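Below, each value reflects all heavy atoms present in this structure, side chains not excepted, and no hydrogens, waters or symmetry copies. Just so we're clear, the structure is a prediction, and the values are computed from it rather than from any experiment. Each residue takes its place number in the sequence, starting with 1.
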Amino acid sequence: MTPYARRGVHGQTVEALARRILGGDIPEGATLDLVALQSELDVSLTALRESLKVLAAKGMVDARQKRGTFVRARADWNLLDADVLRWQFEGGRTGDADRALLQNLAEVRAIIEPAAVRLAAQRRTDADLVALDAAIAAMGEEGAGASHAVEADLAFHRALLTATHNELLERMEMVIESGLAHRDRIVHSSPHSQDPIPAHRAVLDAVRDQDPVAAEAAMRALLEQAGRDLDRIGTADETEGTPTQ
């Protein structure tokens, strides 16, 4: 999915407003001063209103007669929307809130991915194995940099969901991917993380062998390593006085 910021003035306006709301600069219940925002963001009123329609579709704002346009309660936001997730991870939340969001993601992955990989082991095709092999190979490319490692990891988990051949599980990629990308950027940019390839290869080997029990166990081990990596990096950064963001 192309980030809104790459979609011209309209997209940049959507992202600017979303991040202010998610970051608490524009709090829940606040009524928006459209004239002030138009001037501050240097956009036309039409562009501003179109951007607010995007956020309204995501449950973040609403408009009522006599009250105007206002920020809805967080309970109304579509937190599973891929854009909303990405905005939270890319600057909407920081510090303890960011860590809480990562923990929420870890819990969601612990529920979804072990069950998904069982199906993948039972249903995988030769094409699925080719995609998984390619992702593992990309992880092992030397000198490719953190961004390449992030994309390779995303490709692996995306291919696993695809290998379930369950359309609804495949769509869970949208929920997992934004948070996983954020976590990966932290982990792959740190010297304190473990080599991810053995844990991923164990999952792939079990899927290749069509062994759902081993595949689930390997995925749980991978997720446990992912959690340890984040804990280790957080501890190291606190010791060294270096922020993880």
Side-chain angles (χ1 to χ4, degrees), residues 22-23 74-75 77-120 132 135-136 139 146-147 149-164 166 168-204 206-207 212 214-238 242-245:
L22 288 163
R74 183 179 176 83
W77 301 352
N78 184 359
L79 296 177
L80 295 181
D81 180 271
D83 289 316
V84 176
L85 282 166
R86 180 174 57 79
W87 289 329
Q88 291 183 88
F89 281 116
E90 291 183 356
R93 295 157 70 93
T94 58
D96 290 341
D98 187 72
R99 285 189 287 275
L101 193 57
L102 281 171
Q103 180 59 37
N104 287 343
L105 171 71
E107 291 172 356
V108 169
R109 291 184 67 196
I111 293 168
I112 294 171
E113 293 195 273
V117 81
R118 289 183 67 96
L119 287 179
L132 289 163
I136 290 281
M139 286 183 197
S147 61
V150 169
E151 184 50 46
D153 191 37
L154 292 176
F156 182 86
H157 290 274
R158 193 182 299 128
L160 277 179
L161 291 174
T162 299
T164 67
N166 178 308
L168 296 182
L169 274 174
E170 288 181 50
R171 297 301 187 275
M172 292 306 296
E173 167 201 344
M174 299 179 67
V175 176
I176 292 172
E177 188 162 315
S178 295
L180 181 57
H182 179 73
R183 175 227 167 253
D184 280 354
R185 281 191 292 271
I186 296 172
V187 170
H188 291 299
S189 298
S190 171
H192 304 290
S193 60
Q194 287 183 264
D195 180 2
I197 293 178
H200 286 77
R201 193 178 299 283
V203 173
L204 174 53
V207 170
E216 179 178 351
M219 176 55 74
R220 291 193 184 281
L222 187 157
L223 294 175
E224 288 170 5
Q225 177 178 321
R228 288 194 301 271
D229 280 341
L230 273 180
D231 290 342
R232 186 181 301 108
I233 291 165
T235 300
D237 287 332
E238 288 176 8
T242 303
T244 58
Q245 302 298 317

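Across all their heavy atoms, Leu22 and Trp87 have their closest contact at CD1-CB, 3.3 Å. A pairwise comparison of heavy atoms in Ala214 and Ala206 identifies C-CB, 3.7 Å as the closest pair. Val207 approaches Ala120 most closely through the heavy-atom pair CG1-O, 3.9 Å. In plain terms, the two heavy atoms of Val175 and Leu105 that are nearest each other are O-CD1, 4.4 Å.
In this structure, Arg158 places its CZ atom where more than 12 heavy-atom neighbours from other residues, nucleotides or ligands lie under 6.0 Å away.
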Kindly determine whether Arg220 and Glu216 satisfy salt bridge (charged side-chain N to carboxylate O under 4.0 Å, His left out), including the steps that lead there. CA-CA 6 Å; Arg220 291 193 184 281; Glu216 179 178 351; 3.1 Å; yes

Evaluation steps, side-chain contact (heavy atoms from CB on, under 4.5 Å), between Val150 and Leu154: CA-CA 6 Å; Val150 169; Leu154 292 176; 4.1 Å; yes

Test side-chain contact (heavy atoms from CB on, under 4.5 Å) applied to Glu113 and Leu223, step by step: CA-CA 9 Å; Glu113 293 195 273; Leu223 294 175; 3.8 Å; yes

side-chain contact (heavy atoms from CB on, under 4.5 Å) evaluation trace for Leu161 with Glu177: CA-CA 11 Å; Leu161 291 174; Glu177 188 162 315; over 6 Å; no

List the steps and the verdict of side-chain contact (heavy atoms from CB on, under 4.5 Å) for Met174 and Leu85. CA-CA 9 Å; Met174 299 179 67; Leu85 282 166; over 6 Å; no

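Distance check: His157 NE2 to Met219 CE gives 5.5 Å after rounding to the nearest 0.5 Å. Atom CZ in Arg86 sits 5.0 Å away from atom CG in Asp83 (nearest 0.5 Å). Separating the CZ atom in Arg109 from the CD1 atom in Ile176 is a distance of 6.5 Å, to the nearest 0.5 Å. Atom-to-atom distance recorded for Ile112:CD1 and Leu169:CG is 7.5 Å, nearest 0.5 angstrom. The distance from the CG atom of Leu132 to the CZ atom of Arg201 is 11.5 Å, given to the nearest 0.5 Å. Taking CG from Leu101 and CG from Leu79, the interatomic distance works out to 8.5 Å, rounded to the nearest 0.5 Å.
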